[in-house]
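Read through the structure below, which is laid out as structure tokens, and then see the notes.
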Amino acid sequence: MSRVNWRRYKPLGRPTALVAYRGWGDAGEASSRAVDHVLSIHPSVLLEEIDAEEYFDFQVLRPEIRFAQGGSVSLTWPSTKIYLTTPPGESPLLVITGDEPHARWKTYVRQIMDLCRTAGVEKVLTMGAFMGQVAHTLPVPMVGRATHPDQLHRHGLFGSNYQGPTGIVGVLHQAFTQEGWNALTLWAAVPHYLSTQEYPPASLALVEKASQILGIDLQPSPLEVEVSEFRDKLEAVIAESEDLAGYIKHLEEELSQGDDLQPEDLEDARDQMISEIEEFLRRPEN
């Protein structure tokens, strides 16, 4: 059960839970970056941090050591953090974010659910991002799954019929649905050739759609600037290589025709693109 004294926050009203995790289901770090943006633009208070010892394998996801001024050292452990953020004049958001846990998921989900019940949550928006056969030159495709399917049409989302392995976001969505809450999961598609690094366009798309769904101004302007700078860098890479430009054009044509692209047909060009883009974006001057 949550240790938070919720009577202190009760005057704020019933919060909507906004959930996203780093790790599996966060291609291009799109959903975790979207949540970080939400926390950066409105006053937020850290309510609780779930003990990492119970749910993480530190040989899989190790703590990070950092040196500060004066020679002091700090450790950052994998964790789940729960924030309360209060957009002016709007209902509060209970933001749940962090690293996807490695173990004891059933116990972990019960802990999250207990906290949400105590907070009075009745509506939940979970977010994720997946690697897809999409082009960066086209709008970011958005798919969803909802307790009430009519929400998908209302918010211009494609329905998801995915079956197979899932992450903690999928498990939590199912738990929220079984609780009878209004739960919607929002997924953004990230180009497969850009999924191993930050992909700001998908973060922006998630923030814009979340803003529409929640009816809250999530101030996307800082992300819009980041997306513009990212696209300029990316186009500089593509302009230097006919092979890369050809791969993107082929992908656009296949998508416009509605055909299933067979990337193995252009495997060499794809691999070259990934390598060159990553190398370029890692340069210090960028």
Got a donor-acceptor contact below 3.5 angstrom from the Arg66 side chain to the Ser74 backbone? no

Check whether any side-chain heavy atom of Thr86 lies under 4.5 Å from a side-chain heavy atom of Leu93, and answer yes or no. no

Between Thr85 (side chain) and Pro43 (backbone), is there a donor-acceptor pair under 3.5 Å? yes

Starting from Phe130, can I reach Val134 by hopping between I/L/V/M/F/W/Y residues whose side chains sit under 4.5 Å apart? no

From NE2 (His148) to OG1 (Thr177), nearest 0.5 Å: 9.0 Å

Is any side-chain heavy atom of Cys116 closer than 4.5 Å to a side-chain heavy atom of Trp181? yes

Please tabulate, one pair per line, all N/O donor-acceptor pairs under 3.5 Å involving side-chain atoms of residues 16-24, not counting sequence neighbours.
from	atom 1	to	atom 2	distance (Å)
Tyr21	OH	Tyr108	OH	2.7
Arg22	NE	Asp99	OD1	2.9
Arg22	NH2	Asp99	OD1	3.4
Arg22	NH2	Asp99	OD2	3.2

Distance-only side-chain donor-acceptor flag, Ser79 / Glu49, under 3.5 Å: yes

Please find the pair of heavy atoms, one from Pro201 and one from Phe230, that lie closest to each other, and give the distance. CD-CD2, 4.0 Å

Using the rule given for side chain to side chain contact (heavy atoms under 4.5 Å, CB included), can you reason through Tyr83 versus Leu94, listing the C-alpha separation, both sets of side-chain angles and the distance that settles it, and then say yes or no? CA-CA 6 Å; Tyr83 297 88; Leu94 187 72; over 6 Å; no

Validation row: Ser44, Val95 side chains within 4.5 angstrom (heavy atoms): no

Between Leu138 and Leu194, is there a shared hydrophobic cluster once you connect ILVMFWY residues whose side-chain heavy atoms come closer than 4.5 Å? yes

Judged by atom type as modelled, is there a donor-acceptor pair below 3.5 Å linking the side chain of Ser228 to the main-chain atoms of Val225? no

NZ/NE/NH1/NH2 to OD/OE distance under 4.0 Å, Glu48 and Lys81: no

Side chain to side chain contact (heavy atoms under 4.5 Å, CB included) assessment of Met113 paired with Phe176: CA-CA 8 Å; Met113 295 299 293; Phe176 294 139; 3.4 Å; yes

Side chain to side chain, Val171 and Gln174, heavy atoms closer than 4.5 Å: no

Under 4.5 Å between side-chain heavy atoms, hopping through other hydrophobics if needed: is there a path connecting Leu157 to Leu204? yes

For Ile41 and Asp217, which heavy atoms make the closest approach, and how far apart are they? CD1-O, 4.5 Å

May I ask you to decide whether Glu229 forms a salt bridge with Arg231, counting only side-chain N to carboxylate O separations under 4.0 Å? no

Tell me whether His37 contacts the main-chain N or O of Gln219 through its side chain, where contact means a donor paired with an acceptor under 3.5 Å. yes

Stepwise side chain to side chain contact (heavy atoms under 4.5 Å, CB included) check, Ile248 with Thr137: CA-CA 8 Å; Ile248 296 297; Thr137 52; 4.2 Å; yes

Under the side chain to side chain contact (heavy atoms under 4.5 Å, CB included) criterion, do Ile50 and Gln111 qualify, and how do the steps go? CA-CA 9 Å; Ile50 295 178; Gln111 188 169 354; 3.9 Å; yes

For a quick check under 3.5 Å, do Glu235 and His136 share a side-chain donor-acceptor pair by atom type? yes

Answer whether the closest heavy-atom distance between the side chains of Asn182 and Val124 falls below 4.5 Å. no

Would one find more than 12 heavy atoms of other residues, nucleotides or ligands at under 6.0 Å from atom CE of Met131? no

Side chains of Tyr55 and Thr107: closer than 4.5 Å at any heavy-atom pair? yes

Nearest heavy-atom contact between Val140 and Ala189 is CG1-O, 3.5 Å

Side chains of Glu224 and Glu208 in contact at under 4.5 Å (non-hydrogen atoms): yes

Side-chain donor-acceptor pair under 3.5 Å between Asp26 and Ser31, yes or no? yes

Before we go on, tell me: are the rings of Trp77 and Phe56 under 6.0 Å apart, centre to centre? no

Hey, is CZ on Phe158 packed in by over 12 heavy atoms from elsewhere, all under 6.0 Å? no

For a quick test of reading the model, state the closest non-hydrogen atom pair linking His102 to Asp57 and the distance between them. ND1-N, 2.9 Å

Exercise: identify the closest heavy-atom pair between Arg14 and Gly120: NH1-O, 3.0 Å

Would you say Thr185 and His173 are linked by a side-chain donor-acceptor pair, where the criterion is simply a distance under 3.5 Å? yes

Between Ala129 and Ala30, which heavy-atom pair has the shortest distance, and what is it? CB-CB, 3.7 Å

Would you mind checking if Asp114 and Arg117 are paired as a salt bridge, meaning a charged N to carboxylate O distance below 4.0 Å? yes

Check whether any side-chain heavy atom of Ile96 sits under 4.5 Å from a side-chain heavy atom of Thr80, and report yes or no. yes

Do the side chains of Val60 and Trp105 join up, straight or via other hydrophobic residues, at under 4.5 Å, putting them in one cluster? no

